[in-house]
Amino acid sequence: MSTPPRLDLERIIDDRRTRIIVCCGSGGVGKTTAAAAIGLCAAERGRQACVLTVDPARRLAQSMGLTSLDNTPRQVDGVDAANGGSLHAMMLDMKRTFDEIVEAHADPDRAAQILANPFYQSLSSSFAGTQEYMAMEKLGQLRHANEWDLIVVDTPPSRSALDFLDAPQRLGRFLDGRLIRLLTAPARSGISAMRMLNAGFSMMTGALTKILGAQVLRDAQTFVTALDTMFGGFRERAESTYRLLQAPGTAFLVVAAPEPDALREASYFVERLAEERMPLAGLILNRVHTSPAARLSAARSLAAAENLEMPGTHNDNGASPGTVLADTGLADTGLAAAALRMHAERMQLGKRERRLAEHFTSAHPAVPVVEVAAQPEDVHDLAGLRVIGALLSGD
Amino acid sequence: MISRDTDWDGVRLHVVTGKGGTGKTTVAAAMALALASAGRKVLLIEVEGRQGIARLFDAPPLPYDERKIALGLGTRGEGGDVYALAVDPEGALLDYLAMFYNLRRAGTALTKLGVVDFATTIAPGLSDVLVTGKATEATRRRTRPGAKDSPHTYDAVVMDAPPTGRIGRFLNVSTEVSDLAKVGPIRTHADTVAKVIRSPQTAVHFVTTLEEMPVQETLDGLAELRALTGGAIAAGGVFVNMVRATMLDKDELAAAAGGTLDVAALATGLKLAGIGDEQTLAADLAVELKEHALQVRLQDRARETIRTAGRPSYELPMLTDGVDLAGLYELAAALREQGAA
């Protein structure tokens with residue numbers, strides 16, 4: 001049985017060289033809460049922290065007791081500033097972030113033209129891909145502003161943890177793609193128009209017109225032509241953010257729940273980070289079921305419960321379990337049987353989770369892990385975040 | 001088979017959405033099994049390219065092809081057939097071109113040129129309409145193409161749809177596309193798709209767990225669906241997944257939550273069960289019981305909130321051993337028992 005090294009989050013937080021912490025993982029594993037807890041913990045340990053969340057359900061707002069978050073970081077009240085730290089939080093406004101990039105990279109006329117184009121509106125307000133791309137853009141901006149010495153990012157709630165790494169590149173690949181070359185060709189030189197013909201342009205536009213209609217094709221052409229002029233800027237930004245993520249000041253934390261899907265995503269992510277040479281700090285295994293009475297196994301616990309439930313064993317009239325008078329005092333056998341059965345269930349669940357965690361560690365033995373016990377109640381205030389923070393720090 | 005009324009008689013396209021981590025795919029699969037009673041044929045569709053269905057049924061990855069994947073939950077041991085299909089925008093585009101324009105080869109060329117990248121990146125509405133288009137096509141399909149008097153190929157179609165945060169836009173295809181295309185074939189296609197989705201044949205089910213945030217997202221999702229489509233897309237049921245049962249009665253739960261449990265009586269009970277070291281063990285188990293009672297209280301509160309949505313709701317138990325095929329049938333049986341299928 002392999003035991004992974006322990007993820008020392010306190011050391012990462014206290015290390016002033018850590019400037020960016022990225023929390024990633026599949027949806028529904030507690031990423032947002034983990035990011036907020038880390039941000040709060042860092043602030044209370046003296047860092048100037050800013051938490052960036054990218055979630056349409058405004059979960060961070062809820063968990064931090066804020067009523068609204070917008071595209072500018074807001075100071076979070078109730079943070080213990082004794083160590084000189086502070087906490088800001090912001091929620092990404094995807095469309096506004098995109099609009100700002102357009103405005104920064106195109107002259108006012110062209111910017112207005114792009115902003116009014118139906119394709120731009122569809123692209124900038126849809127969730128798939130754009131959100132991830134804008135999150136990275138915003139991270140770059142916040143890092144550049146240099147107002148915070150630690151930025152904690154909560155990645156978008158995509159089903160696949162990899163989306164957020166791929167989206168900026170996908171957009172880049174798309175903007176650099178052959179189709180774009182073809183669509184923008186009329187605005188270019190005659191040479192590329194020749195190349196177009198060779199590529200079977202007429203068949204393609206014919207088919208495209210059939211699927212989309214001529215007007216859609218024209219709109220698309222106008223849009224990509226306009227976008228093309230600022231594409232260099234786009235690409236440069238995406239690349240510099242990518243380099244930022246590879247820098248030593250960045251720490252990636254993969255968050256997972258002890259469930260097969262979440263851990264499989266975590267595994268993919270760990271491999272992917274290694275391929276991209278991005279600095280992985282470790283795995284946060286969230287919502288683990290532990291027991292204060294782990295010494296009593298599921299099997300023994302069940303057997304004992306059955307013992308109690310056997311009619312006639314402990315009282316003379318053979319009634320079902322309840323409160324009986326034992327030699328040593330009043331015994332609640334019904335309660336004891338229920339407690340034992342539920343304990344057995346908890347132990348079984350814990351055992352399954354342990355097995356899943358071991359699978360992960362046997363595949364990635366060098367990845368440090370910290371486990372966070374499942375909380376009986378939802379986290380929706382700073383006190384709750386402090387509890388999670390303490391569990392993360394191993395207190 | 002015994003014919004009986006269910007809550008969704010008349011619904012032929014079941015769209016299943018839910019917050020990440022709530023078990024949307026599991027519930028969609030259980031629903032398909034439950035709907036496939038003897039003699040009935042059900043198609044289970046996944047749209048996010050995750051191969052979640054194949055994993056759930058322990059089958060090899062699904063191609064872009066309708067394959068039989070399981071027998072439905074039988075009454076008296078005989079089930080109907082569940083077919084599965086993994087739809088991706090690329091396959092759906094080729095399908096669309098072949099079906100309506102006889103343009104499969106051009107479609108392949110378009111794929112190479114990155115048209116699919118184009119659709120998914122720049123106008124997700126376009127790829128959504130292709131994907132939902134495949135689901136509605138399967139819903140409308142008849143055993144003899146074009147013959148309105150021939151029976152439907154599938155008695156029901158269950159779609160494992162994108163998560164709650166994206167479902168409104170995903171289904172509101174006609175509006176999403178009309179912003180891009182005022183006229184033209186894709187617009188016509190979108191309108192056909194919308195007609196099915198906005199008909200009483202379609203219902204959108206929400207999967208949640210009894211936790212605060214998933215429940216909130218369910219309410220938000222229901223509200224968004226109403227707001228986006230003006231009630232034209234019918235909301236279905238709320239499927240409450242991973243419900244933990246309790247073995248304690250109301251008084252015991254209150255005592256456990258409040259920390260006033262009779263630990264001494266618990267300890268004596270443990271002693272009668274033949275367990276040593278009963279004093280410390282009772283104290284530890286009391287901690288477990290307290291956590292359990294708090295969780296039950298939280299579940300009850302979540303149930304109350306779900307009730308305010310005014311939708312039929314169904315509960316599925318937490319499977320301690322994880323979801324395997326046997327577990328899926330167990331969930332399917334629970335759904336049928338509660339009248340969901």
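Numbered from 1 within each chain, the chains take letters A, B, ... in sequence-line order. Since the model is a prediction, treat every value here as computed from it, not as a measurement.
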For [X] and [Y], work out which heavy atoms get closest and say how close.
X: Leu248(B); Y: Ala338(A); value: CD2-CB, 3.7 Å
X: Gly269(B); Y: Ala331(A); value: N-CB, 3.7 Å
X: Gly28(A); Y: Lys19(B); value: CA-NZ, 3.7 Å

Audit row: Leu289(B), His343(A), side chain to side chain contact (heavy atoms under 4.5 Å, CB included) steps and yes/no: CA-CA 9 Å; Leu289(B) 290 174; His343(A) 174 71; over 6 Å; no
Candidate pair Asp321(B) and Leu349(A), rule side chain to side chain contact (heavy atoms under 4.5 Å, CB included), full reasoning: CA-CA 7 Å; Asp321(B) 292 331; Leu349(A) 187 62; over 6 Å; no
Student check: side-chain heavy atoms of Glu288(B) and Arg346(A) closer than 4.5 Å: yes
pair Leu285(B)-Met342(A): side-chain heavy atoms closer than 4.5 Å: no
From Thr32(A) atom OG1 to Met213(B) atom CE, the distance as rounded to the nearest 0.5 Å: 8.0 Å
Euclidean distance, Glu211(B) CD relative to Gln375(A) CD, rounded to 0.5 Å: 12.0 Å
Inter-chain contacts: residues 288-297 of chain A against chain B, heavy atoms under 4.5 Å: His289(A), Ser291(A), Pro292(A), Ala293(A), Arg295(A), Leu296(A)
[X] versus chain A, the contacting section by heavy-atom distance below 4.5 Å:
X: Leu319(B); value: backbone
X: Thr164(B); value: neither
X: Glu291(B); value: both
X: Leu281(B); value: both
X: Arg244(B); value: side chain

Candidates Ile275(B), Leu270(B), Leu272(B) - the one meeting side-chain contact (heavy atoms from CB on, under 4.5 Å) with Leu308(A): Leu272(B)
Top of Ala265(B), Ala245(B), Ala286(B) for chain A proximity - count of heavy-atom pairs under 4.5 angstrom: Ala265(B)
Interface residue of largest heavy-atom contact number with chain A, from Thr246(B), Asp284(B), Leu294(B), Thr280(B), under 4.5 Å: Asp284(B)
Main-chain N/O of Thr320(B) paired to Arg352(A) side chain as donor or acceptor, under 3.5 Å: yes
Heavy-atom donor-acceptor pair, Asp332(A) side chain to Leu266(B) backbone, under 3.5 Å: no
